[in-house]
Amino acid sequence: GLVMTEALVWAVVPTATVEMARDATVLVATRNENNQMGNGFGSGVVISETGIVLTNYHVIHRAEIIRVWFYDPSDSNYSYAKVIGIDPVADLALLQLELDSDFPPTVYLEIEQETPVIAEPVVAIGHPVGLQWTVTTGSINHQARPGKITPYVNVIQHSAEINKGNSGGPLINANGDIVGINTY
């Protein structure tokens with residue numbers, strides 16, 4: 001006879017969720033001691049209402065000036081930021097935005113506490129090869145691959161396309177929670 005099995009069907013990530021996550025995703029650009037751009041350029045994500053941004057350490061490494069741009073098609077809203085924490089082994093950094101009192105309220109994302117499930121749909125948001133606020137979709141392929149940057153940190157493998165400039169940007173689930181930080 002026919003055997004019925006329980007199957008888990010994943011929903012896609014809703015557009016409203018992606019738009020909210022896009023608003024919390026920032027463009028991070030740095031200048032080094034020679035006042036030149038190009039030392040660091042990537043993505044980040046706001047993780048608190050007080051303006052804390054999570055990004056990759058390699059994006060802000062050796063930066064003296066950090067500017068963070070927000071998604072706003074009609075304006076060029078940016079803020080300066082300072083480094084408040086680093087973990088070079090995990091390739092992570094925390095930035096504190098220097099927000100003016102008249103700056104719009106900050107949208108932020110929560111960090112998912114549970115390990116993502118194989119085949120779970122995900123969305124990567126960032127700035128690959130200079131294409132700002134690009135959204136790519138995929139799914140979780142593996143939960144704990146050995147890291148190529150460091151053998152001390154396992155990484156999540158996913159199929160959402162990422163390129164140079166996506167570094168530091170969020171990988172979100174269908175709830176809009178951060179399941180990982182993309183590293184190119």
Side-chain angles (χ1 to χ4, degrees), residues 13-30 40-61 63 66-73 76-88 90-99 103-116 120-140 147 149 153 155-184:
V13 180
T15 300
T17 301
V18 173
E19 289 174 346
M20 178 196 64
R22 177 200 58 202
D23 292 346
T25 302
V26 295
L27 171 68
V28 178
T30 66
F41 175 79
S43 305
V45 59
V46 181
I47 61 169
S48 80
E49 62 188 12
T50 60
I52 295 177
V53 172
L54 179 60
T55 188
N56 284 135
Y57 173 70
H58 75 263
V59 171
I60 55 88
H61 179 62
I66 301 172
R67 286 201 284 181
V68 175
W69 273 267
F70 297 87
Y71 179 78
D72 186 349
S76 184
N77 289 328
Y78 72 89
S79 171
Y80 287 98
K82 62 181 177 182
V83 177
I84 59 170
I86 61 170
D87 185 343
D91 191 26
L92 294 173
L94 287 175
L95 311 176
Q96 175 65 62
L97 297 174
E98 298 173 357
L99 298 172
F103 204 82
T106 305
V107 176
Y108 67 95
L109 300 183
E110 300 282 338
I111 297 173
E112 174 60 58
Q113 300 300 311
E114 301 293 323
T115 302
E120 180 177 353
V122 290
V123 170
I125 305 174
H127 312 289
V129 293
L131 301 173
Q132 299 173 355
W133 285 276
T134 296
V135 173
T136 57
T137 61
S139 60
I140 299 294
I149 293 175
V153 177
V155 297
I156 297 170
Q157 178 188 355
H158 62 83
S159 60
E161 186 175 345
I162 59 169
N163 291 287
K164 185 176 183 178
N166 271 111
S167 289
L171 182 70
I172 64 164
N173 61 18
N175 296 326
D177 296 328
I178 303 166
V179 296
I181 297 298
N182 294 309
T183 301
Y184 176 71

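T183 places a side-chain heavy atom less than 4.5 Å from the side chain of H58. Side-chain contact check for T50 versus Y108: every heavy-atom pair is 4.5 Å or farther apart. Counting only heavy atoms from C-beta outward, the side chains of V45 and I178 approach each other to under 4.5 Å. Side-chain atoms of T137 and V13, non-hydrogen and from C-beta on, never get closer than 4.5 Å to each other. Within the 4.5 Å cutoff, no side-chain heavy atoms of V107 are placed close to those of V46. Using a 4.5 Å cut-off on side-chain heavy atoms (C-beta onward), L171 and I140 make contact. When side chains are defined from C-beta on, Y71 counts as touching D23, because their heavy atoms get closer than 4.5 Å.
Every residue two or more places apart in sequence or in another chain that forms a ring-ring contact (aromatic ring centres under 6.0 Å, His included) with Y78 is listed here: W69, Y80. With sequence neighbours excluded, no residue forms a side chain to side chain donor-acceptor pair (under 3.5 Å) with S159. Residues passing the side-chain contact (heavy atoms from CB on, under 4.5 Å) test with E19, sequence neighbours excluded: T15, R22.
From D91, atom CG reaches atom CD1 of I86 across 11.0 Å, with rounding to the nearest 0.5 Å. E120 contributes atom CD, which lies 10.5 Å from atom CD of E114 (distance to the nearest 0.5 angstrom). Summarising the geometry, atom CD1 belonging to I172 is positioned 7.0 Å from atom CE belonging to M20; distances are rounded to the nearest 0.5 Å.
The minimum heavy-atom distance linking P128 with N163 is given by the pair CB-CB, 3.8 Å. Here the closest heavy-atom approach between residue S43 and residue T55 is recorded as O-OG1, 2.6 Å. When all heavy atoms are compared, the tightest approach of W133 to T25 is NE1-O, 2.9 Å. The two residues V28 and G44 make their nearest non-hydrogen contact at CG2-N, 4.0 Å. For the pair L97 and F70, the tightest heavy-atom approach, listed with the atom from each and the gap, is CD1-CZ, 3.5 Å. Between T136 and E161, the shortest heavy-atom distance links the atoms OG1-O, 2.7 Å.
The main-chain N or O of L92 is never found under 3.5 Å from a side-chain atom of D87 such that the two would form a donor-acceptor pair.
Other residues, nucleotides and ligands contribute over 12 non-hydrogen atoms within 6.0 Å of the CD atom of E98.
Put simply, the residue from L95, L94, L109 that forms a side chain to side chain contact (heavy atoms under 4.5 Å, CB included) with L54 is L94.
Aromatic ring orientation, H127 versus F41: tilted (interplanar angle from 30° to 60°).
The closest side-chain donor-acceptor pair between N182 and N166, if any, does not fall under 3.5 angstrom.
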